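This report refers to the structure that appears directly beneath it.
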Amino acid sequence: MQNQDLPRGMNDKPGLIPRQVMPENLETPINNILSWITPTEMYYARNHLPYPTIQMQSWALGLGGEVEKPFSFTYEDLKKMPSVSKFVTTECSGNKRAFMEPPVPGEQWRIGAVGNVKWTGVPLTYLLDQAKLKGSAVELIFTGSDSGIRPDMDTPVNYERSLSLDRTLLAECILGLKMNGEPIPHKHGFPLRLIVPGWYGMAHVKWVTRITASSIPFKGPFQAIDYVYITNEGDYHDAVPVTEMKVNSIITWPSKGEKVHLGQHTVRGLAWAGKGTINKVEVSLDNGMTWNSAQLTSSEHEQYTWTLWEYLWDITAPGHYSLLARAFDSYGNVQPKAAPWNAKGYGNNSIHQIKLMVPQILH
């Protein structure tokens, strides 16, 4: 279980929290997000390589490989195509890494590498239907414009990921052109970003410039080396790919160190899952000995999105309290007390814990 210790801003609207300077990685001050939709300027940023320079005069999306009709689409072409909008919660697979025991290397995300926004763009299957995949195709490789040197490689690489030709999965994907109703900011993938609802953030390739239908499984470093569950660093014999998000929740109020006194208080939080929806959240005030049902408060309760929840806490006695929250999804999954440890710190959906001391009021 995890304690929370997020730095707090000097005002009511703190900025994003730096986790790494180069490449830039920024965490959302999640305790201050009270809306169902994450404001664009407060959405976390996860990068593996420097921000790319995009020349829109020459930019185009290429679609080729094992297809009958290779295509190249300009930004204006894409804007004229049929579009859909989806609200999607995306979580970095390294979210809560800072709470792994024993500790693991990597960006020490706490609870704010997650956000829920509205994406608008072209359904991926619309483009695939035009290109007509060959029977030899087994995967789609998505190449981002961002490139650079990895610490474990000598030559520059682009950020690339692949998806299998699972029609059900691909039917959910969109090539995003807008974020919360406006063109995607450069920091978040302008002009084009892949959105894979229900999957961790590493699958949502930013600055997409090429889609390649491949006849062989993709083994790029951001897929075969990174984003796999392994028990021992460097041992990939039993590596399992990181894919769908796990059921997860956090307490957003109170936070560690909050001054809480006797009386009624509203405990607040967020809960989300991968494929399923959240159907129950429970709160414990006694370190997990007993559990109480929280109220799901999001009117916009949709698949692939988080839900806000609340619990009315009537504090009748001073003392030390250990608040826990756990979420249940529609597939019957529940957050564990401790998530399986792995050497890269991915997929930590352990129960969130906040420890508080309620003082005695002296008259």
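The figures here come from the full heavy-atom set of this structure, side chains too, leaving out hydrogens, waters and symmetry mates. This is a predicted model, so every value here is computed, not measured. Note that the numbering runs from 1 along the sequence shown for the chain.
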Can you tell if the side chain of [X] reaches within under 4.5 Å of the side chain of [Y], non-hydrogen atoms only?
X	Y	value
Tyr159	Ser145	no
Leu270	Thr252	yes
Arg110	Ile30	no
Thr231	Asn342	no
Thr90	Tyr43	yes
Leu78	Leu177	yes
Trp341	Met100	yes
Val358	Leu262	yes

Give a yes-or-no answer on whether the side chains of [X] and [Y] include a donor-acceptor pair shorter than 3.5 Å.
X	Y	result
Asp166	Ser164	no
Glu160	Thr143	yes
Thr305	Asn116	no
Lys96	Asn248	yes
Glu182	Thr40	no
Gln335	Ser350	no
Thr125	Asp129	no

Sidechain N-carboxylate O distance under 4.0 Å for Glu27, Arg19: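 A salt bridge links Glu27 with Arg19.
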Quick one: do Glu244 and Lys246 make a salt bridge, cutoff under 4.0 Å?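 Looking at Lys246 together with Glu244, the answer is no, because their closest N to O distance does not fall below 4.0 Å.
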Side chain of [X], backbone of [Y]: donor and acceptor closer than 3.5 Å?
X	Y	answer
Asp329	Thr277	no
Ser147	Pro156	no
Asp226	Ala224	no
His48	Met202	no
Thr212	Gly65	no
Arg97	Glu107	yes
Gln353	Ser322	no
Gln20	Asn25	no
Lys86	Glu172	yes
His352	Ile251	yes

Quick one: side chains of residues 49-63, donor-acceptor pairs under 3.5 Å with protein atoms, not counting sequence neighbours, listed by atom name and distance.
from, atom 1, to, atom 2, distance (Å)
Tyr51, OH, Glu24, OE1, 2.6
Tyr51, OH, Asn47, ND2, 3.2
Ser58, OG, Gln55, O, 3.4

Separation between [atom1] of [X] and [atom2] of [Y], rounded to the nearest 0.5 Å:
X	Y	atom1	atom2	answer
Ile111	Thr28	CD1	OG1	10.5 Å
Ile354	Ile250	CD1	CD1	9.5 Å
Ser284	Tyr311	OG	OH	9.0 Å
Tyr200	Tyr227	OH	OH	12.0 Å

Taking the six-membered ring where the residue is Trp, are the ring centres of Tyr304 and Trp272 under 6.0 Å apart?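 No, they do not, as the ring centres are separated by 6.0 Å or more.
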Ring centres under 6.0 angstrom apart (His188, Tyr44):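 No, too far apart.
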Classify the angle between the aromatic ring planes of His186 and Trp207 as parallel (below 30°), tilted (30 to 60°) or perpendicular (above 60°).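 Because their plane-to-plane angle lies in the 30° to 60° range, the rings of His186 and Trp207 count as tilted.
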Can the positive tip of Arg326 be found less than 6.0 Å from the middle of the six-membered ring of Trp291, inside 45° of the ring normal?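 So Arg326 does make the cation-pi contact.
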Tell me, which pairs form a ring-ring contact (aromatic ring centres under 6.0 Å, His included) where one or both residues lie in residues 113-152, sequence neighbours left out?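 Found none.
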By ring pair (Phe, Tyr, Trp, His ring centres under 6.0 Å) - contacts of Tyr229 (at least two apart):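 Ring pair (Phe, Tyr, Trp, His ring centres under 6.0 Å) check on Tyr229 returns nothing, list empty.
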Residues forming a ring pair (Phe, Tyr, Trp, His ring centres under 6.0 Å) with Tyr75, sequence neighbours excluded: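 Applying ring pair (Phe, Tyr, Trp, His ring centres under 6.0 Å) to Tyr75 gives Phe190.
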Run the numbers on Glu258 and Lys256 for salt bridge (Lys or Arg N to Asp or Glu O under 4.0 Å), then give the verdict. CA-CA 6 Å; Glu258 197 82 40; Lys256 182 181 179 182; over 6 Å; no
Hey, can you pull the donor-acceptor pairs under 3.5 Å for the side chains in residues 66-73, sequence neighbours left out?
from, atom 1, to, atom 2, distance (Å)
Glu66, OE1, Ser136, OG, 2.5

Check this for me: Arg150, atom CZ, are more than 12 non-hydrogen atoms of other residues, nucleotides or ligands nearer than 6.0 Å?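 More than 12 heavy atoms, drawn from other residues, nucleotides or ligands, come within 6.0 Å of this atom.
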Can you list the residues that meet the side chain to side chain donor-acceptor pair (under 3.5 Å) rule with Thr74, with sequence neighbours excluded?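 Listed in chain order: Asp77.
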